[in-house]
There are 2 protein chains.
Amino acid sequence: MRRTRVTSFDVAEAAGVSQSTVSRALAGSPSITEETRARVEAAAATLGYHVDARAARLRSGRTGTLAVVVVGRAGFDPTRVSGFHYALLGSTCAAAAECGYQSLVSFQSEQGSFSWNYVAQGQADGLVVMGTSVNRAAWNDLLETAPEGPVAVWGAPFDDDRWVRASNFEGAVMAVERLVSAGYRRIGFLGTVDSEHPQFAERYEGYRDTLVRHGLPVSDPLEVLGDDRVAGGRDAIARLLAAKQPPDAVFAANDAIALGALEALDREGVRVPEDFGVIGFDGLAAGVHSHPPLTTIEPDFAEAGRALVSRICDPDEEPTRRVPVRLIERGSVRAPR
Amino acid sequence: MRRTRVTSFDVAEAAGVSQSTVSRALAGSPSITEETRARVEAAAATLGYHVDARAARLRSGRTGTLAVVVVGRAGFDPTRVSGFHYALLGSTCAAAAECGYQSLVSFQSEQGSFSWNYVAQGQADGLVVMGTSVNRAAWNDLLETAPEGPVAVWGAPFDDDRWVRASNFEGAVMAVERLVSAGYRRIGFLGTVDSEHPQFAERYEGYRDTLVRHGLPVSDPLEVLGDDRVAGGRDAIARLLAAKQPPDAVFAANDAIALGALEALDREGVRVPEDFGVIGFDGLAAGVHSHPPLTTIEPDFAEAGRALVSRICDPDEEPTRRVPVRLIERGSVRAPR
DNA sequence: ATGAAAGCGCTAACAG
DNA sequence: CTGTTAGCGCTTTCAT
């Protein structure tokens, strides 16, 4: 076994150049002859040398790392994180990699142990926070801590200049247009609209505007109770069907609610999509296997990841705040008439 | 703004102690008076001081970080990673956090850009690799690269001493026992059994043993073609139902296959679970919303995460190779008779 | 229990 | 284009 780590000095000696030349060559500095670089790389390869990230980071002051925090529901382990946030996590890590950044990931949900100070501690160059708006304690803590360095946020129940969101209004318009084109006429909205759910409020506006434009009746948002969206969607449908004149379609504020709605509708024997249309929002993978498969509005995850990451990697760029969405046709809305 | 970073020297001065005392106090060294520690902590708090991870890591040689690589299917972005691996990723990060480790996460799928050398580069103290056995190129690359440092693996299609797996045999026994107890008698197995799928082979053995023990007929494994397990499960059912004497239940080698099977069965008008039982393996979240909801064998994700992480954090411990599983009753198997 | 001093391996400023 | 030099901020002996 080698007694000590191979350093850039060893490579320098083997290649017959100075240590700083090794550093420059391996860092891809343009002011190095290709011939020298080749010699250095060859020497590095034979010696099995790798730049020590610890030393490089100390000296340069940079980390090349992004801290990514996924906020979950209090009391639930990371295994129960929504598929939406997993997908967003994946595309964020991919976008970070595109910019040459690594991703330091943590799942946080419990009050008293939140930690956002990655930049101050020299562990990352910036922070991306994503997760459920339901965990107020987490978002409040983020607001109070005011971590150093650039921050980008998805899912927070507050408005500041760091959030990135789906084009909720436009998505809602697409969703409701789709229902209208299928001939549904009494279209409800499933989801609590209040200051804690700015994304739902935006979707409700798109819903309302579209119905008004078509001269169709607009309902108040039907509140979805509890933090468990699926259960909330189930209950909401029960209440909805008990009404004097129930709707013949719903736009659910998100896919979890829609999945719950689908379950309840099936149990009540309502035929979807023939007699009742359902459309969701989020593009959840679970919607592929529901009964029927869930038609939904999906944000462009790759763009979402890029938008979050670019706030940190390209701080001079004009930040993207809205991510485009598209309609995913599955089976919970009947064909256009 | 402060002109330069607050260092341990600043804290030392403010607290009236030496710099090394600051280091010891904040690192929790036992050889420091509680009184001194309190003074140091107070000073650090007022100055807004945080230990610089870059410097600490360079000096100590440790990183306090685990590299976690999620291997995906070639050509697919991280958004399409199986929910199983997302859940395992989450519980691995949680287990790492329990041991005081952070998680450097990357999603890798493309040949030519695999990277496992986190330990050699001083970016992590160990490596956890998880993902689909289908990406041969990735696993071969891992084998060839032979990265430095401790490694733990989930999902690899090879046998060496680094893997951790579910108790596949025992889980298969539980699954088939459940089908037998419900009165199904011609029980098939859905899944390709070969050297590329050691976990499927183990599940098939549990299937076969259980049927033999009950004196029931054993089928050969029904091959599931292609890398898309859901499509493969659909096709397999089509072939199965075309047989002279089709089975009245299947144990699917995993939930993705089972979900495809459920779809095909529904399309063919076969009533599940009344006339046909289906049970899967993995505990996929999507199975909650399938039609009917999928009964399955779920590994203990928290234990799985701990087993992977402990190979790196507690290298002296006897490594856990098998993770316990449990039966999740949903709706694709009828009640026991 | 605390202080003094050394140095981890590298990048970057400055010469040449 | 390449070499020389000086630290980055901390942990860890070694003293006391």
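Lettering follows sequence order; numbering is per chain, from 1.
For B:Glu196, the CD atom is densely surrounded, since the number of other residues' heavy atoms within 6.0 Å is greater than 12.
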Output a table of nitrogen or oxygen pairs between the protein and nucleotides 7-9 of chain C separated by less than 3.5 Å.
{"unit_1": "C:dG7", "atom_1": "N2", "unit_2": "B:Arg59", "atom_2": "NH1", "d": "3.3"}

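In this structure, B:Leu26 places its CG atom 13 Å from C1' of D:dG9, rounding to the nearest Å. One can place CD of A:Gln123 at 16 Å from P of D:dG9, the figure rounded to the nearest angstrom. Across the protein-nucleic acid pair, A:Arg24 atom CZ and C:dC10 atom C1' stand 12 Å apart, rounded to whole Å. In this structure, B:Arg39 places its CZ atom 12 Å from C1' of C:dA1, rounding to the nearest Å.
A salt bridge is defined here as a Lys NZ or Arg NE, NH1 or NH2 lying under 4.0 Å from an Asp or Glu carboxylate O, and A:Asp161 with A:Arg311 fails to meet this definition. Salt bridge status for B:Asp159 with B:Arg165: present, with a side-chain N to carboxylate O gap under 4.0 Å.
Screening A:Leu88, A:Val81, A:Val69 for a side chain to side chain contact (heavy atoms under 4.5 Å, CB included) involving A:Met130 leaves a single residue, A:Leu88. Each of B:Thr92, B:Val128, B:Val129, B:Leu89 was evaluated against B:Val70; a single residue qualifies, B:Leu89, per the side chain to side chain contact (heavy atoms under 4.5 Å, CB included) test.
Residue-to-nucleotide proximity on DNA chain D shows that, of B:Ala27 and A:Val17, the 5′-proximal contact is made by A:Val17. Between B:Gly16 and A:Gln19, the one whose closest nucleotide on DNA chain C sits nearer the 5' end is B:Gly16.
Using a 4.0 Å heavy-atom criterion, one finds that A:Thr21 contacts the sugar-phosphate atoms exclusively. Among the atoms of the strands shown, none is found under 4.0 Å from any heavy atom of B:Arg57. Nucleic acid contact class of A:Thr33 (heavy atoms, under 4.0 Å, all strands): sugar-phosphate only. Heavy atoms of B:Arg62 sit under 4.0 angstrom from primed sugar atoms or phosphate atoms, though from no base atom.
For an aromatic pair to be called close, the ring centres must be under 6.0 Å apart, and A:Phe301 with A:Phe84 satisfies this.
With no hydrogens or angles considered, no side-chain donor-acceptor pair links B:Tyr118 and B:Thr63 at under 3.5 Å.
Side-chain atoms of A:Ser20 lie closest to C:dA12 of the nucleotides C:dA12, C:dT2, C:dT11.
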